[in-house]
Structures are given as structure tokens and as C-alpha cells.
Amino acid sequence: MSKEITSRNEDYSQWYNDLVLKGGLADYSAVRGCMVIKPYGYALWENMRDVLDKMFKDTGHVNAYFPLFIPKSLFEAEEKNAEGFAKECAIVTHYRLKTDTENKGKLIVDPEAKLEEELIVRPTSEAIIWNTYKDWIQSYRDLPLLINQWANVVRWEMRTRLFLRTAEFLWQEGHTAHATKQEAMEETEKMLNVYADFVENYMAVPVIKGIKSANERFAGADETYCIEAMMQDGKALQAGTSHFLGQNFAKAFNVQFMNKENKLEYVWATSWGVSTRLIGALIMAHSDDNGLVLPPKIAPLQVVIVPIYKGEESKKTVDEKALEIVGNLKSKGIRVKYDNSDNSRPGWKFAEYELKGVPVRMALGLRDIENNVVEIARRDTKEKISVSIDKSVETVESLLIEIQNNIFEKALKFRADNTYTTDSYEEFKQLLDKGGFILAHWDGTPETEEAIKEDTKATIRCIPLDGKIEPGICIYSGKPSSQRVIFARAY
RNA sequence: CGGGAUGUAGCGUAGCCCGGUUAUCGCGCCUGGUUUGGGACCAGGAGGUCGCAAGUUCGAAUCUUGCCAUCCCGACCA
């Protein structure tokens with residue numbers, strides 16, 4: 001039967017789950033909190049990864065790989081960071097199993113194989129990386145050190161959600177070392193801009209660049225920058241972070257370099273990351289009740305061609321013409337699939353590829369070939385047009401660009417329509433229930449943020465970088481404030 | 001980790017309260033045929049550790065206990 005998708009109005013969470021599962025992006029696994037990323041979902045991640053990887057390399061970074069396991073003593077070296085992650089670490093305590101003599105065919109942990117020092121499965125890699133950098137950095141000539149790694153990390157979350165929060169996830173983490181504070185701060189902002197560029201121009205998700213409040217700051221960072229996106233239910237989702245780590249890790253791991261004046265100095269550090277969580281952002285930003293809506297630039301398939309035929313003879317004719325179009329599209333670098341499988345009919349295929357969010361669908365039948373036209377349907381607006389086959393490639397090319405722009409504009413408009421400004425705490429609470437971003441004054445204290453969070457479940461998503469300096473009074477405490485910050489309920 | 005719910009073929013399900021032949025139905029799958037412009041139809045067929053493990057019983061999908069996984073709500077969360 002048809003793959004029914006729960007509507008957004010009916011149950012937003014279920015709608016999201018339906019898209020992930022029925023859209024073929026991921027599956028639950030036999031492991032609590034861990035998911036299987038299926039080929040279609042992984043293809044999406046590969047496209048995202050490839051674009052980001054190029055952006056990192058274009059900004060001077062290189063890739064490396066560090067161990068999955070971190071000795072506990074290293075992990076705890078930077079205290080704040082260790083504390084921040086302590087509650088969600090998986091720990092390796094033994095290295096061997098043995099046959100259970102009491103219970104044939106079962107294995108038990110060999111108590112004699114206890115590790116002298118426990119290994120932490122990385123929730124992030126600062127510790128192991130800075131412990132390594134210590135040996136790599138001696139002189140200012142070794143700096144800057146600009147390294148990225150693509151890896152998996154584990155955070156033992158209480159409650160998990162496909163892509164948005166899983167116990168294991170894939171990400172990239174950049175870790176850089178610099179000779180000066182200024183340079184490290186510039187790097188932090190540079191990578192934030194790279195993320196914003198990627199998320200807006202490839203994923204078509206508008207973001208707000210900002211700084212995290214102390215409560216939301218990365219443990220071990222002096223300053224955390226972020227990009228925040230709005231989902232269709234009005235909730236905020238952090239799409240990427242970039243941290244200025246100061247000299248915290250340099251001091252914890254004793255990473256010093258000789259400067260030009262022959263004096264030892266601690267290096268300045270940054271780290272930055274985005275994860276498979278971005279896929280969750282993508283889904284919730286654009287998709288609709290018919291399924292996924294993927295931005296052409298990173299969609300695994302940009303075009304699908306569905307043939308319509310009657311009998312073997314006409315199938316041949318249609319195949320021939322369709323493959324010619326496929327060739328033309330491919331020569332333009334367009335990711336296209338010709339689905340002439342005989343186990344489902346055209347209508348089924350239409351619905352299936354809509355569910356999968358393929359940006360453009362072409363339908364080609366005998367009637368079209370006679371008239372030298374092809375039907376082209378776009379996923380975002382579901383509009384259909386009939387164009388001359390000779391012009392089909394250029395039509396598709398421009399359509400892909402148009403779809404990319406349209407879904408970005410649509411998301412931008414949605415965000416604008418759901419962003420409010422208020423100076424009244426009562427109105428603030430009412431607006432929160434509608435969902436969306438609220439620009440309000442805040443006195444800058446963690447206590448006030450905490451109190452508002454207790455009261456409303458909303459947190460400060462960020463202090464926007466492009467925010468106007470505008471004196472006002474804190475919405476909660478009435479104390480003076482110099483700038484509005486963004487409040488929202490968040491994922 | 002607390003509260004609630006769920007788990008029967010690839011998917012969706014009936015049966016469970018009140019234990020008793022060969023576990024129901026639909027979709028999907030396989031074979032053959034007719035079909036194909038928005039989720040086709042006919043005929044035949046295959047497919048099951050009833051989430052897992054103990055227990056109660058002559059007998060367990062059904063009753064009991066434990067465990068595992070998922071969903072929702074909370075707590076937690078960079």
C-alpha cells in the first residue's frame with residue numbers, strides 16, 4: 001500500500017520520523033540510541049561532506065585522523081571540558097571476553113582482562129589532539145596548525161532522535177593552533193562563516209550567526225560561536241559551532257612554542273564542528289506532508305526520469321529517447337536516474353520520488369515523443385510544465401537553480417514571519433507558545449537566563465553578531481541591556 | 001533515569017481480556033497473463049524464533065517475571 005506520512009499538523013515528531021524512515025534515510029538499529037544510516041541518507045551526507053571538505057581545504061586545512069579511544073588521564077586534563085562531558089561518556093574497561101563455563105555458547109567479560117587505565121570513547125577529540133599537538137608544535141614556524149578530522153563520536157544521550165540526537169554520530173571536528181589570540185579569533189569567525197555559507201548556499205537553510213551565552217558555551221571554550229536555524233515548528237536548531245578555546249587546552253596539555261623573540265608562549269586554539277544533525281535540520285527546514293524536499297545542490301539525485309509506455313515496443317522507443325536525455329543531463333554534471341523498472345507503475349514512482357525529495361522529475365511517454373516534448377515537475381512547488389525535449393537540459397539546469405533559491409527564500413520568509421520582538425515578559429511567554437524566535441533584551445547574567453529557562457523552557461539561542469546596539473531593559477529582571485538576544489525553544 | 005504506550009512475515013495489522021486444530025487479513029515479494037499520463041488488475045505461490053529469556057501448565061502469541069528495542073511526556077543535553 002502507499003507509504004502514508006503523518007501530517008505536520010497532526011504530529012510534528014511523527015512526521016519527522018516518517019520522513020526519515022519512509023524516505024529511506026535511516027533506520028533504527030539493534031543498539032539503543034544508535035541508528036543505521038541507509039544508502040540514500042549516506043549519499044546525502046557524502047554530498048554535504050564533500051562540499052565542506054573542499055571548503056576546509058580551500059581555507060588551508062588538512063585532514064588527519066586521531067584515535068577513537070582517549071585514556072581517562074588525558075580526558076580529564078582540561079577540567080571544564082571533562083566535566084562538561086563526564087555524564088555522557090562510554091567507557092572501555094576490559095579488552096577480552098571469554099566463554100562462560102556455566103552457560104554454553106555465551107560469552108562473559110573476562111575479569112582478568114581489566115584495563116589498567118580506562119579508555120573513554122571520544123565524545124569530542126580535544127584531549128587526544130592537544131596531547132598530540134604538544135609534540136608537533138615547538139616553534140612559531142610550526143604555526144598555524146590547521147587540522148580537521150572526519151570521525152564518529154559517542155555521547156550517551158538519555159533520549160535520542162534520528163539524526164538530531166543519537167548516541168553515536170558522524171561529524172567533522174577542526175582543531176587549530178595559532179601563535180596569537182587575534183589569529184585564533186579570526187579563525188573561529190572564519191570557520192563560522194564557512195558553516196553559514198555552506199548551510200545557506202548549499203542546504204538552503206537560512207541561519208543566524210551569533211555568540212552563545214555562558215550557559216550554552218562549549219565546556220572548555222572562552223567563546224562559542226554558532227549558527228542557529230529555525231525549523232518548521234518554530235523551534236531552533238543549532239546547525240554548527242565554532243569555538244575560540246583561548247589557551248585553555250594549551251595550558252592543560254602544555255602546548256608551548258618559541259616565538260620570534262625566543263620566548264616560550266602557549267598557543268591559542270580553536271575547534272569547530274558540524275554533524276549528521278545537519279540532515280535533521282535539512283529535513284525539518286524544507287520538507288512537506290508529501291515527503292522530503294531536498295536542495296538540488298546536495299540532493300543524492302537531482303533528476304529522476306519516469307517512462308510511460310504501453311507494451312515492449314513502446315518501452316524501447318521511450319527508453320531510447322530517455323537515455324538520450326539522461327546522457328545530456330549527465331554531460332552537464334547533473335545527477336540523474338532513469339527509472340524504467342517494471343515493478344511499479346508511473347503513479348507509484350511519482351509518489352515515491354516525491355517522498356524521497358528528488359528536486360526534479362521528468363515523465364516521458366510516446367505522446368511526448370511524438371510532440372518532441374517532455375513533462376517536467378518540480379518537487380518544491382509541485383508545478384508541472386511541458387517543454388521541448390531540445391530545451392529540456394537547459395530547463396532542468398535553470399530549474400535546479402530556481403528550486404535551490406526558492407526553498408531558501410521560502411525558509412527565509414518563514415523565519416521572518418515567525419520572528420518577533422517584544423519588551424513584555426507576558427507577551428514573550430505567549431509568543432513562545434506560538435513558536436519562533438523572539439528578540440528580547442537580557443541583562444547578560446546566567447541567573448536570568450536560567451530563570452527564564454525554568455519558567456518557559458526557552459533558552460538564549462545566541463547573541464546575534466549583526467544585532468544592533470540598542471539600549472533597553474531586560475525582559476525578566478528589568479536591569480539594563482545593550483542588545484537584544486534571540487530566545488527560542490530548541491532541539 | 002522516572003511516567004505512559006508499543007513490539008505477531010519486508011510494512012501495516014487481527015487474535016491476547018477468557019490458554020486448546022494448520023496464527024488472521026491487506027500491502028509488498030515470486031510465477032504467469034493483462035496493463036502502464038498520479039500509488040493497476042486477475043490467477044497461482046512462497047514467506048512466521050508471535051521482540052528475547054526464564055517460569056506456570058498436559059498444552060503459551062495468549063498468564064507471570066526479567067531483559068531488549070522503539071515511540072510519547074519529563075529529567076538530561078555543547
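Here is how names work: the chains are called A, B, and so on, in the same order as the sequence lines, proteins then strands, and each is numbered from 1. Every value quoted in this text rests on a predicted model; they were computed, and no experiment measured them.
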Query raised in the report: In residues 70-83 of chain A, what residues come within less than 4.0 Å of RNA chain B, judged by heavy atoms?
Result: none
**Report entry** Below 4.0 Å: OP1/OP2 of B/U36 and any side-chain N or O of A/Lys315
**Finding:** no
Requested in this report: Fit a plane to each ring of A/Trp171 and A/Phe169, take the angle between them on a 0 to 90° scale, and name the class: parallel (under 30°), tilted (30 to 60°) or perpendicular (over 60°).
Outcome: perpendicular
Query raised in the report: So, is A/Arg165 close to the B/C77 phosphate, meaning a side-chain N or O under 4.0 Å from OP1 or OP2?
Result: no
Query - C1'-based separation of B/U31 from B/G55 [nearest Å] - result: 46 Å
Query raised in the report: Roughly, in whole Å, what's the span from CG in A/Leu21 to P in B/G10?
Result: 16 Å
Query raised in the report: Are OP1 or OP2 of B/G38 and a side-chain N or O of A/Arg361 less than 4.0 angstrom apart?
Result: no
Query raised in the report: Separation of A/Phe350 atom CZ from B/G37 atom P, in whole Å?
Result: 8 Å
Query raised in the report: Considering only heavy atoms, which members of residues 228-235 of chain A lie under 4.0 Å from some atom of RNA chain B?
Result: none
Query raised in the report: What distance, rounded to whole Å, do you find between the two C1' atoms, one in B/C58 and one in B/U70?
Result: 37 Å
**Report entry** Partners meeting side-chain contact (heavy atoms from CB on, under 4.5 Å) with A/Glu375 (sequence neighbours left out)
**Finding:** A/Arg361, A/Ala363, A/Lys384
**Report entry** Side-chain donor/acceptor contact of A/Glu354 with base of B/G39 under 3.5 Å
**Finding:** no
Query raised in the report: What integer number of Å spans the C1' atoms of B/U49 and B/C68?
Result: 15 Å
Report summary line: Numerically ordered, the residues 303-312 of chain A set in heavy-atom contact under 4.0 Å with RNA chain B is A/Ile308, A/Tyr309, A/Lys310, A/Gly311
**Report entry** Nearest-Å distance for atom pair CE/P, residues A/Met362 and B/G38
**Finding:** 18 Å
Query raised in the report: Between B/G38 atom P and A/Leu355 atom CG, what is the distance in whole Å?
Result: 19 Å
Report summary line: When rounded to whole Å, the NZ to P distance for the pair A/Lys349 and B/U36 reads 14 Å
Report summary line: 5' to 3', nucleotides 67-75 of chain B under a 4.0 Å protein heavy-atom cut-off (B base, S sugar-phosphate only, - none) gives --SSSSBBB
**Report entry** side-chain contact (heavy atoms from CB on, under 4.5 Å) partners of A/Met185, counting only residues at least two apart
**Finding:** A/Lys181, A/Phe244
Query - Dot-bracket pairing map - RNA chain B, Watson-Crick plus G-U, both contacts under 3.5 Å, | cross-strand - result: ((((((((.[[[..)....(....]]].((((((.....)))))).....[[[[[..)....]]]]])))))))....
Query raised in the report: Does any non-hydrogen side-chain atom of A/Thr59 lie less than 4.5 Å from one of A/Met191?
Result: yes
Which pairs of donor and acceptor atoms, one on a side chain in residues 76-86 of chain A, lie under 3.5 Å apart (sequence neighbours left out)?
residue : atom : partner  : partner atom : Å
A/Glu78 : OE1  : A/Lys80  : N            : 3.3
A/Glu78 : OE1  : A/Asn81  : N            : 2.8
A/Asn81 : ND2  : A/Ala219 : O            : 2.8

Query raised in the report: Between atom CG in A/Asn343 and atom P in B/G10, what is the gap in whole Å?
Result: 19 Å
Requested in this report: Give the intermediate values and the outcome of side chain to side chain donor-acceptor pair (under 3.5 Å) for residues A/Trp272 and A/Thr270.
Outcome: CA-CA 7 Å; A/Trp272 26 273; A/Thr270 81; 3.2 Å; yes
Requested in this report: Quick one: list whatever passes side-chain contact (heavy atoms from CB on, under 4.5 Å) with A/Glu402, sequence neighbours left out.
Outcome: A/Arg378, A/Leu399
Query - Qualifying residues under side-chain contact (heavy atoms from CB on, under 4.5 Å), relative to A/Glu200, sequence neighbours excluded - result: A/Pro206, A/Val207, A/Phe408
Query raised in the report: How far does the P atom of B/C67 sit from the matching atom of B/C1, given to the nearest Å?
Result: 10 Å
Query raised in the report: What is the distance, rounded to the nearest whole Å, between atom CH2 of A/Trp171 and atom C1' of B/C77?
Result: 14 Å
Report task. Check whether any side-chain heavy atom of A/Trp348 lies under 4.5 Å from a side-chain heavy atom of A/Asn343, and answer yes or no. Result -> no
Report task. Starting at atom CH2 of A/Trp348, determine the distance to atom C1' of B/A40, rounded to an integer number of angstrom. Result -> 14 Å
Requested in this report: Hey, could you give me each pair passing side-chain hydrogen bond (donor to acceptor under 3.5 Å, both in side chains) that has a residue in residues 228-244 of chain A? Not counting sequence neighbours.
Outcome: A/Arg8-A/Gln232, A/Lys212-A/Glu228, A/Lys212-A/Gln238, A/Thr224-A/His243, A/Glu228-A/Arg461, A/Asp233-A/Tyr491, A/Thr241-A/His243
Query raised in the report: Can you list every pair that meets side-chain hydrogen bond (donor to acceptor under 3.5 Å, both in side chains) and has a residue in residues 299-315 of chain A, with sequence neighbours left out?
Result: A/Tyr309-A/Asp342
